[in-house]
Amino acid sequence: MSDLPKAYEPQAIAESLYARWLHDGNHRADPGSLKPAFSLVMPPPNITGMLTLGHVLNNSLQDVLARKARLEGREVLWLPGTDHAGLATEMVVERSLRKQRGIGRREAGREEFLRLVQEWRETHGRIIIEQLKKLGSSADWSRERFTMDGDYSRAVQRVFVELYRKGLIYRGKRMINWCPASLTALSDEEVLPREEQSNLYYVRYAVEGDPGSFLTVATTRPETIPGDTGIAVHPEDERYRRWIGGRALRPFPQGPIPIVADAAVDPTFGTGALKITPAHDKLDFEIGHRHGLPIVDILHPDGHLHCPAVPELDGLDRFEARKKAASLLEEKGLLAKVEDYLHTVGVSERANVPIEPRLSEQWFLRYPKLEEALRVVREGRIRFFPEHWEKVYEHWIENIQDWCISRQVWWGHRIPVWWKEGSHRCQVESPGPDWIQDPDTLDTWFSSWLWAFETMDPATRQKFYPTSVLVTGPDIIFLWVARMIIAGLEFQPGRGPGLEENIPFRAVYFTGLIRDRLGRKMSKSLGNSPDPLVLIEKYGADGLRFGLLRIAPQGQDIRFDEKQIEEGRNFCNKLWNACRFRIRYAPISADAHPWEHRLSPFAVEMLAALGRTGIRLEEAFAAYEFSEAAGLLYAFVWDDFCASFLEAAKVDLTREGSPTASGTLAAFDYALSWTLRLLHPFCPFVTEELWNRLELGPSTIQFAGWFGAAEARELEERLAATKEAALQARAIYQAAERGRHLRSTYGVPSNQKVPFLLRADTPLGDAERAVLAALASASEIADVDGPPPKAPMVLTAVGELYLPLEGILDLELERKRLTNEKEKLARNWKGIQERLQNPEVSARVPAEKLEAWKEQAKQLESAMRRIEDQLRELSQ
RNA sequence: GCGCGGUUAGCUUAGUGGUAGAGCGCUCGCUUCACACGCGAGAGGUCAUAGGUUCGAACCCUAUACCGCGCACCA
């Protein structure tokens, strides 16, 4: 055990510690273990992903849970992996293909393109995994899974076949969300609403057989006019009633279209007349369907117009066409007016372009087990933290739509359907050489919804499924969380048929979103997302983790500020230096029993604070309040342990023949040993390093036990007889603080030792007096019987403290200070008196509370009297 | 439009009925023998607004405003 470097240098230790943990297999989960199980599955990051602060937060939280569980003696499985992210990866690879060879995936061909994706995945796909290791994540990397692994892929296909046979998966021609940039269908959940400033065009349609009459329609999309096959008005709308059943003239290509009545039209919006383009709008499609209107598709899949009948528009991009259509209308005198209009458009999550509602033949899933999915959450078998996400979940389940699961994407799980001469078969293996497999792949989420159990072999499932908790962001509550619950209930991977055994997790912890200092979302384009690896480089993984977790309250977004990470690092350094201090005194005891020694009041008080912290920590963890837990530990280490106890210990340890010195060392070692373990989940590296350097126990801290509520209570019981001592320690700390206030008020510099005088309420022992002197930087603290002449005074919990320095007393200042103090006390006293004298209060407030107030008033009175005495003294 | 959160010191926030707490930042003083990634002291708040309940409200209720999020077929 040698002296420690002056400051904690995270870079120097992290790598080798992590390598040792891996080498020793410390994070491997053993399904055969007899220990109680604790398990998590890591939300698999995309293979295109780079580590973001969101990942840091999410994985730090999981690591805290995993490491705490190991310390508690549980068998932990934290199962990691990556997600193939069909569309995202395909876009990334296609982009680089275009850049390098100037061709798209279609020119390259399916086989060649997939080869390139594989290649890309091998070189880039695990970057984020390596980054997670730098964070200290204690996942069981030997079990790393990938959603395109052979076994996993087969499971995805088997599940498809199973659901198909149950009649839950079907093929249908429906209105779906089409992404014109990625050229694929999307599910409703992958379409995000975005507010856009656009225009509302008022277009005049001539009414057939009624010369000079026009029906004006308000639309945001004049470019879809060629696809109009009708006009709809509300059946009760008096303005248009006479025209129902008639026809209007479509401006281009010119032609008559029927005017129909439909209750879905809102007569109060726009003009109350709606142009019907059944091929390009969901509502229009429904109305068109009801009235037997033809469907005219005027868009190519890529969003360019396909309408040879209107050459001016044909081939234009949809946004170009919009402008062109407006000017065509203008020319024809059919554009009544244009208004500015703010509205919401659906945007493709990945490609970030407005989606097109499009009629298309796709595969759909009718969700099974919805009743049960609702029930397991309502009945608390799965608990959400924060709780309010339950409502969001319920609302989604109750209004659920069939899931469009096919994608016109190559990178992904190929749909297990085989075609021959227009007929198809659904099975995993090919039915024969002349059968052709469906070209489409499955939505990536159709594979991730199996993640909680298809990543586990039977033995692992037996031990670890259902998992204990899922830590994830609320942005994927539908995409992933809800679907995983449904999958668990439907496929029943658990030990038995009960709901309880098949839910994928018992709790879901939703993290907050990390925003920048100005409250904006982190995004690449804003350039406001710091690189976590740079932060790790600067502050260490421990500093980053602790700093971030301390400011991440449950359920609230986090405003990120690098200052807070700096604080995390400073905290680690504080801990480091407390250990550095300890090493200099005496050998450390790995199994200290402070209660077997004679203890100073300061040691008692610190141990009591440890006990309090332990109990509150347990409550915080039970409620998944991680920032609360980190805050408790921060306060204990910084305030109770370092600022108070350690400073007092300096006196005890340097006093010749102090009878409490051995107790102070024992208390130090005992508290430090537990503190390191309590902090280990938050700061794995520095705690492991210190644990080893101080030789506090076995070769790794990771399984060294946990200071839970039971241990905390046991400690409190052992200290029960010493409550008085703890109070005394607190009184001395308070007196020292008041003394420093006096010094500061009179401008005595910190480095100048000055004598104090004390009129003590009860005699003060030498040891306590020495600590008070040290904390107040006093050269001595001498007893007096009465007020010394003309010396500034403060009231303290141990008596009146005077600073009797010749010539420094500023009478005016001192009078003002004391008068202010008295007034403050008086205000306080008055408030209590009013309460006590109010008959309604005494009638309602419990007696013990009244007693406490009376006691408080008495103390205030005594304090005021003393200040008055002093004021009188000064004016003599 | 409906629903859910939030609004406390310059910033980040704790505080679910009895005199508003912390960290950062700021000001001042300290190379005090663990730590300047530190130590000490101080200034700084009509708890978003308006009503209500209560002896008493940051806290409970009702509106309003602003911010964020979810949901929704008003073109």
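Note on naming: letters A, B, ... go to the chains in the order of the sequence lines (proteins, then strands), and numbering restarts at 1 for each one.
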- Query: Is atom CD of A/E848 surrounded by more than 12 heavy atoms (other residues, nucleotides or ligands) closer than 6.0 Å?
  - Reply: no
- Item | Pairwise 5' ranking along RNA chain B for A/S744 and A/C579, keeping only the more 5' one | A/C579
- With a 6.0 Å cut-off on ring centres, are A/F571 and A/F546 close enough? yes
- Query: Using the ring of each side chain (for Trp, its six-membered ring), is A/H289 parallel, tilted or perpendicular to A/F285, with breaks at 30° and 60°?
  - Reply: parallel
- Item | Span that lies between the P atom of B/rU31 and that of B/rC37, in whole angstrom | 16 Å
- Message: With a 4.0 Å cutoff (strictly under), does any side-chain N or O of A/N577 reach OP1 or OP2 of B/rG38?
- Response: no
- Message: Using modelled atom types and a 3.5 Å cut-off, is there a donor and acceptor pairing between side-chain atoms of A/N573 and backbone atoms of A/A7?
- Response: no
- Message: Once you measure the plane-to-plane angle for A/W396 and A/F478, does it fall in the parallel (<30°), tilted (30-60°) or perpendicular (>60°) bin?
- Response: parallel
- For residues A/F641 and A/F668, establish whether the separation of their ring centroids is below 6.0 Å. yes
- Item | Pairing partner of B/rC39 (Watson-Crick or G-U wobble, both distances under 3.5 Å) | B/rG29
- Item | Rounded interatomic separation in angstrom, taking NZ from A/K563 and P from B/rA22 | 20 Å
- Note on the structure: Atom NZ of A/K816 and atom P of B/rG42 are separated, to the nearest Å, by 15 Å
- Note on the structure: Between CG of A/L632 and P of B/rA22 the distance, given in whole Å, is 16 Å
- Side chains of A/E189 and A/W403, donor plus acceptor under 3.5 Å: no
- When we call it a touch if two heavy atoms are under 4.0 Å apart, what does A/F478 touch: a base, just sugar-phosphate, or nothing? sugar-phosphate
- Between atom NZ in A/K824 and atom C1' in B/rA20, what is the gap in whole Å? 12 Å
- Just checking A/E834: base, sugar-phosphate only, or nothing, at a heavy-atom cut-off of under 4.0 Å? nothing
- Task: Just call it for A/W576: base, sugar-phosphate, or nothing, with non-hydrogen atoms closer than 4.0 Å on any strand.
- Result: nothing
- Message: Please report the distance separating the C1' of B/rG25 from the corresponding atom of B/rC11, rounded so that it comes out in whole Å.
- Response: 7 Å
- Return the 5'-most residue of the pair A/T745, A/R580 with respect to RNA chain B, ranking by each residue's nearest nucleotide. A/R580
- Task: Please state whether the phosphate of B/rG38, meaning OP1 or OP2, lies under 4.0 angstrom from any side-chain nitrogen or oxygen of A/N570.
- Result: yes
- Task: Select base, sugar-phosphate, or nothing to describe what A/Y341 touches, counting heavy atoms under 4.0 Å on all strands.
- Result: sugar-phosphate
- Task: Mind checking A/R582 for me? I need base, sugar-phosphate or nothing, with any heavy atom below 4.0 Å counting as a touch.
- Result: nothing
- Message: Would you say A/Y8 and A/N577 are linked by a side-chain donor-acceptor pair, where the criterion is simply a distance under 3.5 Å?
- Response: no
- Message: Under 4.0 Å, heavy atoms only, any strand: does A/V841 hit a base, just the sugar-phosphate, or nothing?
- Response: base
- Message: Tell me whether the side-chain N/O atoms of A/R835 come closer than 4.0 Å to OP1 or OP2 in B/rC55.
- Response: no
- Can you tell me the distance, in whole Å, between the NE2 atom of A/H343 and the P atom of B/rG1? 17 Å
- Is A/W638 touching bases, backbone alone, or none of the nucleic acid, heavy atoms closer than 4.0 Å? sugar-phosphate
- Heavy-atom contacts under 4.0 Å between residues 277-289 of chain A and RNA chain B, which residues? A/L283
- Say whether A/D262 and A/H291, considering side chains only, have a donor N or O and an acceptor N or O under 3.5 Å apart. yes
- Contact class for A/V845 vs. all strands (heavy atom < 4.0 Å): base, sugar-phosphate, or nothing? base
- Message: Any base atoms under 4.0 Å from A/R740, or only sugar-phosphate, or nothing? Heavy atoms, all strands.
- Response: sugar-phosphate
- Item | Any A/H741 side-chain nitrogen or oxygen under 4.0 Å from OP1 or OP2 of B/rG42 | yes
- Message: Mind checking if A/K650 touches a base, just sugar-phosphate, or nothing, with heavy atoms under 4.0 Å?
- Response: base
- Message: Heavy atoms only, 4.0 Å cut-off, all strands: where does A/E647 land among base, sugar-phosphate and nothing?
- Response: base
- Task: Just call it for A/S750: base, sugar-phosphate, or nothing, with non-hydrogen atoms closer than 4.0 Å on any strand.
- Result: base
- So what does A/S777 hit on the nucleic acid, given a heavy-atom distance under 4.0 Å: a base, only sugar-phosphate, or nothing? nothing
- Message: Within the 4.0 Å heavy-atom criterion, would you say A/C642 contacts the bases, only the backbone, or no part of the nucleic acid?
- Response: base
